[in-house]
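Numbers here are sequence positions counted from 1.
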Amino acid sequence: KFIPKKEDRFTFGLWTVGNPGRDPFGLPVREGFSPVEAVHMLAELGAYGVNFHDNDLVPIDATPAERDRIVSEFRRALEETGLKVPMATVSLFTDPIFKDGGFTSNDPRVRAYAIQKTMQAMDLGKEFGAETFVLWGGREGSEVDAGKDAVEATKRYREAINFLCEYSISQNYGYKFALEAKPNEPRADIYMPTTGAMLGLISTLDHPELVGVNPEVAHERMAGLNFYHAVAQALDAGKLFHIDLNDQKMGRFDQDLRFGSDGIKEAFFLVKLLEDYNYQGMLHFDAHALRTEDRQGVIEFAKGNMKTYLILKEKVKQFNEDKEIQALLQEIQGKKLDLPGFDFKFSADSLKALKGYEIDRAAVGAEGINYERLDQLTIEILLGVR
Ligand code: GLT
Ligand code: MN
Ligand code: MN
Ligand code: MN
C-alpha cells in the first residue's frame, strides 16, 4: 500500500536528491546522488521522472566532449530505467555573473548571456524530451532599490520571456513555460514575489498561452500566504503548468522540507485541490533531505515525499466519501435563493429582480455555519480516527 507507480507522475529535480547538505553556514555532509545514480535510485522507488537545471547535468565550464559524454551516460541511464525528463530549467543564479540578476540585470551583456544560456538549456531539455520549461528568477531582485528601476526590471523580464517564447516557436519545441515565484532568498527581495504576481505578468506577454506558473509550497508560505488559495487561482486561470511540492515553516529561511512534513492540513487541502480538479501535470518534489542525513536518509526522504502524497490522496477519498462530512457540506454549501429572474449575471431582468430583493438580515446574520464541526471532522480524518 502507498507504493508509488509511474501513473502517479512523481518527479524529482537532480538538485534535490543530489543535494550534499551544504548550507550557508556549513560544508557538505554527504555525497549527493550523481545524475546517473539519481536516475537509478528514483526509478527503483517508483518515480516517473527527473528534472534538471542545465548545470545540474552539464557543468557550466564543460568542454563539448565532456558534454557529449555526460549526455550519453545520462541517456543510457534513462533508457535502462524508463525514467522520463518532463521538465527542464536553467540556472541563472549560481554563477557570479548573475549576482545582480539575469533577465533583469542592469548590464545588457549579462541580460544577453542569460537569454543565450536559457536557449541552450532549452536545447538540452529537448534532447531528453522535456515539455515544460521552468523559469525561477532567484536572482531577479534587489537589495538596493536606488540602483535598479523596478519598472524597467519588469519590462526586461517581459522582454526576455517574449524572446524565449519566440525561440521555442521558431525551433518547434512546443515548450510550455512555467514561472516560479519566490518572495526573497537569495535576494533581499525578488521581483514578482508571488504566484499571483506571476499571473499578472503573464497577461502582459506576447504569447500568454505558452506561459503558466510553477507554484512552490515553501515559497508562498515564506510570503505568509495560503498556498492552497494560490494554486486554486492558477487552476482557475488554466495556468497550473507545473507544481513544486515541499514544506516550510512560515516566516523562516528557505527550508525545502519533505512534502507534508510540517503543515499536514495545508498539504491535505492541496492534494484535495489537485485531485478534485483532476490536475494532470507532474507532481514534482522540490525539496532536499535534512542536513543530518547520509545517503540512506536521502532515500528515506525521497520515499517519504511520495508516500505522504499517496496517503493524503487516500484521506481525500475518505473525506469525499464520508457521509457525515458530505451531509454537513450539503447544509453549508447547498443553500437556495428564492428570487425568480435573478441569476448573478447582469441583465435587465436580473437587475429588476435584485432591486426587489428582500432579506431578513438579522436572521441570516444570526445563523450558525457549522465550520467548527466540519473542521474537527477533517482533523479526525487526518489523525486517523474516523
Ligand atoms: C532552486 C530553488 C527552487 C527552484 C529550482 C528551479 S532551483 O533549488 O530553490 O525553488 O524551483 O530553478
Ligand atoms: Mn522550486
Ligand atoms: Mn524553493
Ligand atoms: Mn529552496
Asker: Could you tell me which non-hydrogen atom of G49 sits nearest to which non-hydrogen atom of L83, and how far apart they are?
Answerer: CA-CG, 3.9 Å

Asker: Any sub-3.5 Å donor-acceptor pair from R291's side-chain atoms to L27's backbone N or O?
Answerer: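 At least one qualifying donor-acceptor pair exists.
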
Asker: How far does NE2 of H53 sit from CD1 of I60, to the nearest 0.5 angstrom?
Answerer: 12.0 Å

Asker: What's the verdict on side chain to side chain donor-acceptor pair (under 3.5 Å) for T195 and Q233, showing C-alpha distance, side-chain angles and the deciding distance?
Answerer: CA-CA 9 Å; T195 296; Q233 191 192 356; over 6 Å; no

Asker: So T89 and W136, do their side chains get closer than 4.5 Å, heavy atoms only?
Answerer: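 Side-chain contact under 4.5 Å: no.
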
Asker: Please confirm whether the backbone N or O of Y175 pairs with a side-chain atom of S168, one donor and one acceptor, at under 3.5 Å?
Answerer: yes

Asker: Side-chain contact test, heavy atoms from C-beta onward, threshold under 4.5 Å: evaluate it for R295 versus M41 and give yes or no.
Answerer: no

Asker: Do any pairs count as a side-chain hydrogen bond (donor to acceptor under 3.5 Å, both in side chains) and have a residue in residues 15-28, sequence neighbours left out, and if so which ones?
Answerer: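 Counting only pairs at least two positions apart or across chains, the side-chain hydrogen bond (donor to acceptor under 3.5 Å, both in side chains) contacts touching residues 15-28 are W15-D286.
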
Asker: Is V39 reachable from V71 through a run of hydrophobic residues whose side-chain heavy atoms are each under 4.5 Å from the next?
Answerer: yes

Asker: S105 and D100: side-chain donor and acceptor closer than 3.5 Å?
Answerer: no

Asker: Side chains of Q330 and Q326: is there a donor and an acceptor less than 3.5 Å apart?
Answerer: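 Checked: Q330/Q326 side chains show no N/O donor-acceptor pair below 3.5 Å.
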
Asker: Would you sort out whether K317 and E275 count as a salt bridge (Lys or Arg N to Asp or Glu O under 4.0 Å), showing the intermediate values?
Answerer: CA-CA 9 Å; K317 192 160 170 276; E275 297 298 327; over 6 Å; no

Asker: Determine whether M87 and F241 make a side-chain contact, defined as any pair of heavy atoms from C-beta on separated by less than 4.5 Å.
Answerer: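 The answer is no, as the side chains (C-beta and beyond) never meet within the 4.5 Å cut-off.
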
Asker: Treating E216 as the side-chain partner and K182 as the backbone partner, does any N or O pair qualify as donor plus acceptor under 3.5 Å?
Answerer: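 Side chain of E216 to backbone of K182, a donor-acceptor pair under 3.5 Å: no, none is there.
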
Asker: Please determine, by modelled atom types, if Y228 and E220 share a side-chain donor-acceptor pair under 3.5 angstrom.
Answerer: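 Absent: no donor and acceptor within the cut-off.
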
Asker: Please enumerate all residues that pass ring-ring contact (aromatic ring centres under 6.0 Å, His included) together with F163, with sequence neighbours excluded.
Answerer: none

Asker: Answer yes if the side chains of H207 and E166 hold a donor-acceptor pair under 3.5 Å, and no otherwise.
Answerer: yes

Asker: Under 3.5 Å, is there a donor-acceptor pair between the side chain of D256 and the main chain of N246?
Answerer: no

Asker: Verify whether the ring centers belonging to F268 and F319 lie closer than 6.0 Å.
Answerer: yes

Asker: Would you say Y277 and I243 are hydrophobically clustered, going by side-chain heavy atoms of ILVMFWY under 4.5 Å?
Answerer: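 Per the 4.5 Å side-chain linkage, Y277 and I243 are co-clustered.
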
Asker: Any donor-acceptor pair under 3.5 Å linking the side chain of R30 with the backbone of E293?
Answerer: yes

Asker: Same cluster or not: L339 versus V364, using hydrophobic residues (I, L, V, M, F, W, Y) connected whenever any side-chain heavy atoms lie under 4.5 Å apart?
Answerer: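 Same cluster.
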
Asker: Do N55 and K117 meet the criterion of a side-chain donor-acceptor pair at a distance under 3.5 Å?
Answerer: yes

Asker: Flag yes if more than 12 heavy atoms outside L205 fall under 6.0 Å of its CG atom; otherwise flag no.
Answerer: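 Counting neighbours around CG of L205, more than 12 heavy atoms of other residues, nucleotides or ligands fall under 6.0 Å, so yes.
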
Asker: Any donor and acceptor pair, going by atom type alone, linking the side chain of T204 with main-chain N or O of G200 inside 3.5 Å?
Answerer: no

Asker: Would you check, one step at a time, whether the test ring-ring contact (aromatic ring centres under 6.0 Å, His included) holds for Y191 with Y157?
Answerer: CA-CA 9 Å; Y191 298 128; Y157 221 137; 7.3 Å; no

Asker: Going by atom types only, do E314 and Q318 share a side-chain donor-acceptor pair under 3.5 Å?
Answerer: no

Asker: Is it the case that more than 12 heavy atoms not belonging to E372 sit under 6.0 Å from its CD atom?
Answerer: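 Check fails, neighbour count at 12 or below.
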
Asker: Do Y173 and L135 sit in the same hydrophobic cluster, where Ile, Leu, Val, Met, Phe, Trp and Tyr count as joined when their side-chain heavy atoms come under 4.5 Å apart?
Answerer: yes

Asker: Please round to the nearest 0.5 Å and tell me the distance separating atom CG of N370 and atom CD of Q376.
Answerer: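 Reported to 0.5 Å precision, the distance equals 12.5 Å.
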
Asker: Surrounding CD of E324 (heavy atoms of other residues, nucleotides or ligands, distance under 6.0 Å), is the total greater than 12?
Answerer: yes

Asker: Please say whether more than 12 non-hydrogen atoms of neighbouring residues, nucleotides or ligands are located less than 6.0 Å from CD in E31.
Answerer: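 Counting other residues, nucleotides and ligands, CD of E31 stays at 12 neighbours or fewer.
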
Asker: Are L45 and F2 co-members of a hydrophobic cluster defined by side-chain heavy atoms under 4.5 Å apart?
Answerer: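 Both belong to a single hydrophobic cluster.
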
Asker: Does the ring centre of F269 sit less than 6.0 Å away from the ring centre of F227?
Answerer: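 Between F269 and F227, which both carry aromatic rings, the centre distance is not below 6.0 Å.
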
Asker: Under 4.5 Å between any side-chain heavy atoms of L337 and Y357, yes or no?
Answerer: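 Yes. Closest side-chain heavy atoms under 4.5 Å.
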
Asker: Under a 4.5 Å cut-off applied to non-hydrogen side-chain atoms, are K6 and Y48 in contact?
Answerer: yes

Asker: Using the salt bridge (Lys or Arg N to Asp or Glu O under 4.0 Å) rule, take D107 and R109 through it: C-alpha gap first, then chi angles, then the decisive distance, then the call.
Answerer: CA-CA 5 Å; D107 187 336; R109 299 171 302 173; 2.7 Å; yes

Asker: Exactly one of R187, K99, K148 should register a salt bridge (Lys or Arg N to Asp or Glu O under 4.0 Å) with E143. Which one does?
Answerer: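 The passing option is R187.
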
Asker: State, without any angle test, whether Q280 and N278 hold a side-chain donor-acceptor pair at a distance under 3.5 Å.
Answerer: yes

Asker: ring-ring contact (aromatic ring centres under 6.0 Å, His included) for Y113 and F98? Distances and angles first, verdict last.
Answerer: CA-CA 10 Å; Y113 174 61; F98 299 123; 5.7 Å; yes

Asker: Report yes if some heavy atom in the side chain of V231 is under 4.5 Å from a heavy atom in the side chain of L240; otherwise report no.
Answerer: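 They are in side-chain contact.
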
Asker: If you count heavy atoms of other groups shown closer than 6.0 angstrom to CD of E131, is the number above 12?
Answerer: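 For E131, atom CD is not crowded (no more than 12 foreign heavy atoms under 6.0 Å).
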
Asker: Counting only heavy atoms from other residues, nucleotides and ligands, does the tally under 6.0 Å from NZ of K355 exceed 12?
Answerer: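 Not buried by this count: 12 neighbours or fewer within 6.0 Å.
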
Asker: More than 12 foreign heavy atoms under 6.0 Å from NZ of K307: is that the case here?
Answerer: no

Asker: So, do F74 and F128 have ring centers that fall under 6.0 Å from each other?
Answerer: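 Centroid separation for F74 and F128: below 6.0 Å.
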
Asker: Within the side chain of N162, is there an N or O that forms a donor-acceptor pair under 3.5 Å with the backbone of D206?
Answerer: yes

Asker: Using a distance-only test with no angle check, is there a side-chain donor-acceptor pair under 3.5 angstrom linking R258 and T308?
Answerer: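 No, no side-chain donor-acceptor contact under 3.5 Å.
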
Asker: What I'd like to find out is whether the side chain of V217 reaches to under 4.5 Å of the side chain of Q248, using heavy atoms alone.
Answerer: no

Asker: For E80, is there an ion pair with R76 - N to carboxylate O distance below 4.0 angstrom?
Answerer: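 Not counted as a salt bridge, because no side-chain N and carboxylate O are separated by less than 4.0 Å.
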
Asker: If we ignore hydrogens and angles and just use 3.5 Å, is the side chain of H219 paired with the main-chain N or O of A181 as donor and acceptor?
Answerer: yes

Asker: Is the backbone of V90 close enough, under 3.5 Å, to the side chain of D54 for a donor and an acceptor to pair up by distance?
Answerer: no

Asker: For salt bridge (Lys or Arg N to Asp or Glu O under 4.0 Å), just list the numbers for R67 and E127, CA-CA rounded to whole Å, side-chain angles, deciding distance to a tenth of an Å, and then say yes or no.
Answerer: CA-CA 12 Å; R67 181 194 195 274; E127 288 192 45; 3.0 Å; yes

Asker: Mind telling me whether F12 and F301 have parallel, tilted or perpendicular rings, with 30° and 60° as the class edges?
Answerer: perpendicular

Asker: Can you tell if the side chain of D276 reaches within under 4.5 Å of the side chain of N320, non-hydrogen atoms only?
Answerer: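 D276 vs N320: side chains touch.
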
Asker: Quick one: does E159's side chain have a donor or acceptor within less than 3.5 Å of a partner on T154's backbone?
Answerer: no

